[in-house]
Number of protein chains: 2
Amino acid sequence: MPDAIPVLRSPRLGADIRADHPAYDLIELLFFAYRDFVSDPDRILDEYGFGRAHHRVLHFVDRQPGLTIAELLDILRITKQSLNRVLKELIEKRFIESRMGTSDRRQRLLHVTPQGHDLALKLAKLQTKRIARALSDLEPDAKELVTRYLVRLIDPDDREHVERLVFGKQEV
Amino acid sequence: MPDAIPVLRSPRLGADIRADHPAYDLIELLFFAYRDFVSDPDRILDEYGFGRAHHRVLHFVDRQPGLTIAELLDILRITKQSLNRVLKELIEKRFIESRMGTSDRRQRLLHVTPQGHDLALKLAKLQTKRIARALSDLEPDAKELVTRYLVRLIDPDDREHVERLVFGKQEV
DNA sequence: GAGATATGTCAACAACGCTGACGTAAATAA
DNA sequence: TTATTTACGTCAGCGTTGTTGACATATCTC
């Protein structure tokens with residue numbers, strides 16, 4: 001049914017990047033990969049009455065205990081009103097706790113509860129299965145290369161911030 | 001501010017994949033990379049009064065002229081009502097044309113108009129810039145490896161279908 | 001002619017983004 | 001100390017994009 005799709009041959013040598021011709025394959029693979037990647041946790045989230053927005057909040061609070069509202073907003077790139085809606089539910093259902101800041105008492109330091117951690121872990125393990133399976137019969141250095149590639153897809157201005165968060169790099 | 005995050009050391013040898021420990025880094029990098037990747041076209045889409053749903057439809061119709069509704073639904077994994085809403089707008093604004101099928105006259109064969117193709121190309125080039133930049137100073141075989149990785153993130157049942165669509169493979 | 005299939009459409013609703021406005025408490029600057 | 005800024009909470013309303021359920025039409029297949 002699909003007509004023959006003109007295939008873009010690789011450029012002759014590595015340096016010659018044809019940025020003028022769309023890289024349809026990677027654009028589309030990123031769409032399909034992400035589509036399936038985020039779909040894994042959906043069934044479980046449903047059981048708790050949560051959606052993907054709850055998942056993202058729970059994940060980052062679990063990863064970084066003591067996260068503030070401002071930091072979370074910076075990660076998620078949504079408005080505080082949008083965040084507040086899902087965060088309120090996570091707190092009411094006792095998956096997340098909000099504690100007053102110690103040095104700055106205006107801040108709210110977010111922590112997962114034990115049941116919050118359990119759910120976060122359950123969801124992370126689910127996604128890890130897919131990631132591990134994808135990596136399983138690629139070259140040994142595949143993970144390192146894919147990691148570097150994904151980092152370089154991120155906005156340059158935000159890269160340092162993300163690396164600090166993901167890899168725990170403290171030094172500049 | 002972030003406490004030291006326990007780093008998962010790579011397993012000793014390739015086969016020993018610790019699927020029980022979440023691969024936090026790749027989970028998060030996928031989130032950040034995709035977040036920024038899909039944000040590029042937003043400003044342009046706004047000018048046309050379109051959203052990300054319109055973009056996805058336009059993209060796949062541009063890539064695969066003559067795509068049917070059923071095939072498009074299978075790609076996007078949404079309901080026909082959701083699709084119809086955005087597709088109707090794309091047709092009304094003359095970015096996409098719907099033609100009656102030839103062999104099966106119940107089908108609608110979707111095609112982009114010239115202005116539809118222009119927009120699709122403009123958006124694809126934008127996303128390609130980011131992809132090319134990310135690839136630009138990685139090893140020459142990075143693209144091939146990242147491609148294989150992304151393919152393997154897709155649901156196994158759907159992989160063949162996607163490969164046919166993305167790479168134009170006709171033979172099984 | 002009966003039934004299955006491909007599509008279109010109406011209505012209602014949910015999740016999750018957004019803007020704008022306003023309020024409070026606490027830190028900081030003047 | 002007073003004024004301003006900052007961090008957060010909240011109310012109200014709205015837009016996009018997903019959902020379910022029901023029903024209609026044209027066309028293909030048996």
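Computed over heavy atoms, backbone and side chain alike; hydrogens, waters and symmetry mates excluded. Note that the structure is a prediction, hence the values are computed from the model and not measured. Reminder, nothing fancy here: chain letters follow the sequence lines and each chain counts from 1.
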Review point. For B:Leu110 and C:dA6, what is the distance between atoms CG and C1' respectively, to the nearest whole Å?
Key: 12 Å

Practice item. If the plane angle is over 60° it's perpendicular, under 30° parallel, otherwise tilted; pick one for A:Tyr48 and A:Phe50. Key: parallel

Review point. Side-chain N or O of A:Thr79 less than 4.0 angstrom from OP1 or OP2 on C:dG17?
Key: no

**Study point:** Donor/acceptor link under 3.5 angstrom from B:Lys80 side chain onto base of C:dG8
**Key:** yes

**Study point:** Neighbour count above 12 (heavy atom, 6.0 Å) for A:Arg77 CZ
**Key:** yes

Point to revise | Near-strand residues of residues 43-61 of chain A, defined as heavy-atom separation under 4.0 angstrom from DNA chain D | key: none

Check your understanding: Side-chain N or O of B:Ser82 less than 4.0 angstrom from OP1 or OP2 on D:dT17?
Key -> no

Exercise for review: Report yes if at least one side-chain N or O of B:Arg105 is closer than 4.0 Å to OP1 or OP2 of D:dT27; otherwise report no.
Suggested key: yes

Exercise for review: Taking the six-membered ring of A:Phe31 (Phe, Tyr or Trp), confirm whether the NZ or CZ of B:Arg56 is under 6.0 Å from its centre and within 45° of its axis.
Suggested key: no

Exercise for review: Would you kindly check whether a donor in the side chain of B:Arg108 faces an acceptor in the base of C:dT7, or vice versa, at under 3.5 angstrom?
Suggested key: no

Review point. Is a donor-acceptor pair below 3.5 Å formed from side chain A:Arg85 to base C:dG17, judging by atom type as modelled?
Key: yes

Check your understanding: Between the side-chain atoms of A:Gln81 and the base atoms of D:dG13, is any donor-acceptor pair under 3.5 Å?
Key -> no

Practice item. With the side chain counted from C-beta on, respond yes when B:Glu89 and B:Asn84 share a heavy-atom pair under 4.5 Å apart, and no when they do not. Key: no

